[in-house]
Structures are given as C-alpha cells and as structure tokens.
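Working notes, structure below.
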Protein chains: 2
Amino acid sequence: MPTDPIPRPTIYDVAQLAGVSKSLVSLVLRDAPHVSDVRREAVLAAIEELGYRPSPAASALASQRTRTVGVLIDDFHNPWFVELLAGLRSILDPAGYTASVADLQLEAASGRNPVDGFLAQHVDALVIAADPAEGTLDGVGAPIVVAGTREFGAAADAALVADVVAGDDALGARLATEHLIRLGHRSIGHLTGSSGPGAQRRRGYEEAMQAAGLDPLVFGERGGTSEADGYAAACALLDAHPGITGVVAANDVMAVGALAALRERGLTVPADVSVVGHDDSPLAAYRYLALTSVDGHSREVGAESARTLLARFEDPGMPPHRKLLEPSLVVRGSTAPPRA
Amino acid sequence: MPTDPIPRPTIYDVAQLAGVSKSLVSLVLRDAPHVSDVRREAVLAAIEELGYRPSPAASALASQRTRTVGVLIDDFHNPWFVELLAGLRSILDPAGYTASVADLQLEAASGRNPVDGFLAQHVDALVIAADPAEGTLDGVGAPIVVAGTREFGAAADAALVADVVAGDDALGARLATEHLIRLGHRSIGHLTGSSGPGAQRRRGYEEAMQAAGLDPLVFGERGGTSEADGYAAACALLDAHPGITGVVAANDVMAVGALAALRERGLTVPADVSVVGHDDSPLAAYRYLALTSVDGHSREVGAESARTLLARFEDPGMPPHRKLLEPSLVVRGSTAPPRA
DNA sequence: TTGAAAGCGCTAACAC
DNA sequence: GTGTTAGCGCTTTCAA
C-alpha cells in the first residue's frame, strides 16, 4: 500500500505560522507595495520554513489568468526556435510568466488545432512563430504577437489584430544576394519554398538581382522548405541553368540539400559554385558545412516579442506594434569569388 | 477603453441549458460509465452550443491533479527529442494528459532547477530525458520515468525509484562497430563524450572490438558531445592513429565533426575512412552527409514511457519497470569496405 | 497597513 | 442514474 503523500502546505499554513492573515501572505507573494517590513520578513521566513509553493491552479482560478503564454513553433526539427524561445524567456521569466510551447507539425499530426489547445489551457496570450491554418487566429480573445514573417489568408490578415516582431527577411536575402554579386557572381539562382519567410526572402533576392541588372532565377516555388526540397529545387535549377555560379537558399537546410545536388554534378563549393543559407542555424556553423548565412537575430525577436506582450498586458488599447529587426550576414567558407 | 471579454461559459451554464445538474455535466466530461444516453446527448449538445471549455485550473484545484506530465529534455538543439515527444504524446493525449516540456540547457541558463519548476507546476509525473544534476530527483513525490540511458550520481542512483525505458545504447554501438568489422575494418576508433548514453555506447564499442580481438581506441572522454567535441576528438584520434580506417561516433553531430577533421587531412569518406553515427537523426539522412547511423527507436521509447506512466497511475505499487528497446542499424553512404 | 469574507469553476463524496 | 453539498487554495473587494 503506497504511503499517502504529505499534503503540501497552503497559504493558510504560512499565514498561521507567520501570525498574519491569508491576504497578507498573498500580498507578499505578489510583492505588493504597502506591506510593513516586519510582516514581510515573517511571511518570507514562514514560506521558507514550510517549503511552501503556491498552487498555480488556485491562483489561476481566483485571478482568472494563468500567467502563461502559448508559443506556437513551426517545427521542432528546425532549431531556429531555440533562440527565439531563449529570448522570450529572458523577458517572460522575470515577469512571472511561463511559456507553454507547442509544435505545429506535432499538433497537426495528432489531428488537433494547436491554437484551440492553447485556448483550452486558458493562456493569457499567444506568440505565433509558424504559419497557422487560415482562420485559426480569428476571434482569439487574447493578445497575439506574430514572431517572424508569416503568411495568413488574405481575409484573416485584414481582420487580424496582432503585434508583429520579425527579422527583415527581404533585407536578409538582399544582403545574401548582394554579397555574391559583390564577389563577382552574375549568374545566381534562388531556392525558395512556400512559407511566410520564403516569400519575403524571395522578394529580397529578386530586388537585389534586378538592382544589379541581373535575371532572377527562382526554383522550388511549389515545394516545401526541407533539405529534400532544397535538393529537388537545386537539381531543377542546375538542370535548367548548368552555368550558375551562385545559389541563395531560403534557409540553411535547403542550402545543405543544394550542396548534395552540386556534389552529384561534380561541382565544388565554393570553387565552382558559392552557396548562401539563411537563419544562421547551428547547421551553418558546422565545420564540415561552413555555410555563409543570414542571421535574423531570432533571440532578439523573441525578447522583443515578450516585451511587446508585457506592454500590451499593461495597456490593452496600445496601438499595434510592428517591428522589423535588421539581419546581418555571417560569412563562412561556402562563398568565394567565381573562378576566373 | 478596452471591451471586457465575454465571460466564458461555465459548467453551470451547461447544466442549466441541458436541464441537468453540475455533477452530471462533470460525469459526462470525464465520460463516466453510468450516465443515460439521453442526458449525455443533452449535455454534449449544450457544450457544443455554448462553446464550453472546461477550466483546467478549476479542475486541477478540485481534483488535486493537473493531468500534466513534465518532460525534461536535454537540449532542444538535438532533435532526438522530437520523436521521443511524438511517441509520448501519442499515448498521453488520448489519455487526457498534457506534456509540459522543458530544456535542461535553457533552464540552466536562466539559473533555475527545471525539476523544481515542474514541481511548482504540480505536474502529476516526470519524464526525464536528460542527465539531471545530482540529487535533483530525490524526494520528488511524483512518479518518474527515465527515458534513455542516463547517468545519476551513484548515491542518488541507489535511492532513486524510477521506471526506466531506453534504447539499448551499448548494443547499438556494438552493432555499429560490428558493421565496420564485418566490412573488413581492423583499425577502428571511437569518439565519446561524457554523458549517460555516451558511457554505454563506449562500452558497446569496446565489447565489439575485444570480441574481434582488436584494440579499442577511445578519444574525447573528457569532452562534450557536440559537433565541436566530435571534431576535436577526431583530430586527436587521427593525430595519434593516422592509419585508422573506421570511426564510430557517440552520436550523429559528433560524426559530422569527424567528417570535417577527415576532410582537413585529405581523407575521403567512405573510400579512405568509414564513419558511423548514432541516433539516426535527420542530420544523418541529409544526402550531403548520408551517415550510417544507429536508430534507437526514440519514438517507441516515448510511447513506452507514457504507457509505463499510465500503468503506474493505475497501480502506484507496481514493481519498477525497466525496459531496453533493441536498436537497429541504418546503413547509408558513409561506410564501405576498406581500400584493398 | 491589515483582516474578513465572498467567490473563482470544478470534483467527489454522499444521499436519493 | 442523478442531484446536493462541501470544499480545493488562492485573489480581491471592502472595512477596519
């Protein structure tokens, strides 16, 4: 027969030991301003002595808020989210908020709507770092911040009231493309995929090419953004334009897919062809790959998203906040001037 | 001035609309056995009509359990956890449990003990898929299942009562090593790192080598298990034993680090040297890397962990459950017979 | 600055 | 089978 667990001390036990009322303990916990130092000390000591932990359930029930924010990630396989999350938490934690993280792919696989899941959890706000299905964000009663460049159905987009914090993906792709142009490349292809950031990155690439008087060559428009998609798009690009000397990929994994396509054709990186990725993921930093990549500063995107949320909690009527962070290019070994 | 949100319907509203009592609604929600179909239908209809969502906070408070299990992951950068999580959720979701996921690295960075965090959340159980700091698991009042091979302080280990579900890491490394031996390799090095699985994998490698009458060559014992660590260990190995023709790495990222070290020395994979990874991560499947790797079936580890937990909820007195799943080898392009 | 008291929405005996 | 009745542990007016 299993021993019954010792019941956890409640706020009531703390109050009794400290010789004060429940309400006073509650005030100390939320470190309210008007509490005398003597009483505060006494309460803190009692909490310590009892090993008291407040019950989030009771607190949520009484206060009607969970102090939890739902974070919707696109795909746990793409480690882009790790920095985003670190940034979010660096602000949320000290403010007493908890991040509840879900992965869109995983949720979709289990056949449920992740936003609904968060709503069922009664989160106080949502951070969306994924392209959600059309309409899923309508009528959410909680503040929403969209982190990263995202694509919504046109209708939803108009109706959606949300704050937006993102890296400037178009600018990032422009930086990547201009880097190749500056190195002397003229024949540069782009590997894209259908996603919110993908569309912006493609635009940046196209702008840079046009500004330099070069023809944009875009492949993979109908595909996804995985390594396999990058490989497929690169194959199509190379078959159509074998003379290419530069490739700008919509992200790092696609760039790795391109690497395989190039090697299969006997082309060397960067001697024959230069390759640029996007996201500056850990992948790009691996010595074996050494990808030049665009850093979108996702940690700062996360932190700024959290700050925006806290500001909106303070003032729900605040006008929509939109912020684009400036990306930077990280040059590694996958780019070089074209062969003379 | 912001509009006040419409108050969410409560169980009471549902009861009223359905013309039954609160308790009956509660019974329907937990689909209890003895409810007449008529009433059940009425309640379900009312729930639907009102768009009612039960309040987890109220439910947790009243029932004294959160129906949440805390999942401690080692490092979000290592996508090993994605499959583990998918497996866990495939069982937990239908049973009405929620997984709350934390990353040991991230928590450590914010200076807090993740297990404490889970305890503060009042989770009903813990799944540990990381090497927790010594002593952190002592005196946890909730069921624990350790997923994967883990290392605990010796003292804690003795006291710790937990169920264990893991891939057989030693066997996996043995499979990898035997694969190289069978291909004809005689001079095979191992790249290890300090971690729970690392120690087991090293053991498997050593056993296979000894069984074949070969000398084990282990490097990286004092290091970590990242790409950089794999690179460093491989450099040490190659400097000490330039004639090596096979490398067994403790995981896939370390194998990628080794790839860089080999290339720097002008060695080709697999023509000059064969490389085997471990975990069969997405990395291993990238065409550009095409790593032969050991699949530890982490999805099944997750599912079995969840099943174990549910069983223990049913019967807390159940004897400790220990299960090792048999790994399998996935052969790709990074291994081949040694040059004649 | 502190205490008393009324719930928050739900579960779980227990009675009918 | 179904309803009644206490709370679960905390927050939050409102008085004192």
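Every chain is numbered from 1, with letters handed out A, B, ... down the list of sequences. The model shown is predicted, which means the values in this text are computed figures rather than measured ones.
Counting only residues at least two apart or in different chains, ring-ring contact (aromatic ring centres under 6.0 Å, His included) contacts with residues 297-321 of chain A comprise A/Tyr97-A/Phe313.
A distance of 12.5 Å separates CG of B/Asp163 from NZ of B/Lys323, quoted to the nearest 0.5 Å. Put simply, CG on B/Leu104 and CG on B/Asp131 are 8.5 Å apart, with the number rounded to the nearest 0.5 Å.
Using a 4.0 Å cut-off between charged nitrogen and carboxylate oxygen, B/Arg307 and B/Glu300 count as a salt-bridge pair. A salt bridge links A/Arg89 and B/Glu107; the closest N-O separation between the charged side-chain nitrogens and carboxylate oxygens is under 4.0 Å.
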### Task
List the steps and the verdict of side chain to side chain donor-acceptor pair (under 3.5 Å) for B/Ser100 and B/Gln121.
CA-CA 9 Å; B/Ser100 170; B/Gln121 261 185 72; 3.1 Å; yes
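Both B/Arg40 and B/Gln64 lie near DNA chain D, and the one whose nearest nucleotide falls closer to the 5' end is B/Arg40. Each of A/Ala57 and B/Arg39 was matched to the nucleotide of DNA chain D holding its nearest heavy atom; the match closer to the 5' end belongs to B/Arg39.
Terminal axes of the helix from C/dT1-D/dA16 to C/dC16-D/dG1 (five pairs each, C1' rotation axis) are separated by 30°, to the nearest 10°.
Near DNA chain C, meaning a heavy atom under 4.0 Å away, there are no residues from residues 42-52 of chain A.
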Pairs: protein N or O with nucleotides 11-15 of chain C N or O, under 3.5 Å:
from   : atom 1 : to      : atom 2 : distance (Å)
C/dT11 : OP2    : B/Ser26 : OG     : 2.6

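Comparing atom distances between the B/Pro54 side chain and each of C/dG3, D/dC8, C/dC10 picks out C/dC10 as nearest.
Taking A/Val82 as the reference, A/Pro79, B/Phe76, B/His77 meet the side-chain contact (heavy atoms from CB on, under 4.5 Å) condition, with sequence neighbours excluded. For B/Asn78, there are no side-chain hydrogen bond (donor to acceptor under 3.5 Å, both in side chains) partners, not counting sequence neighbours.
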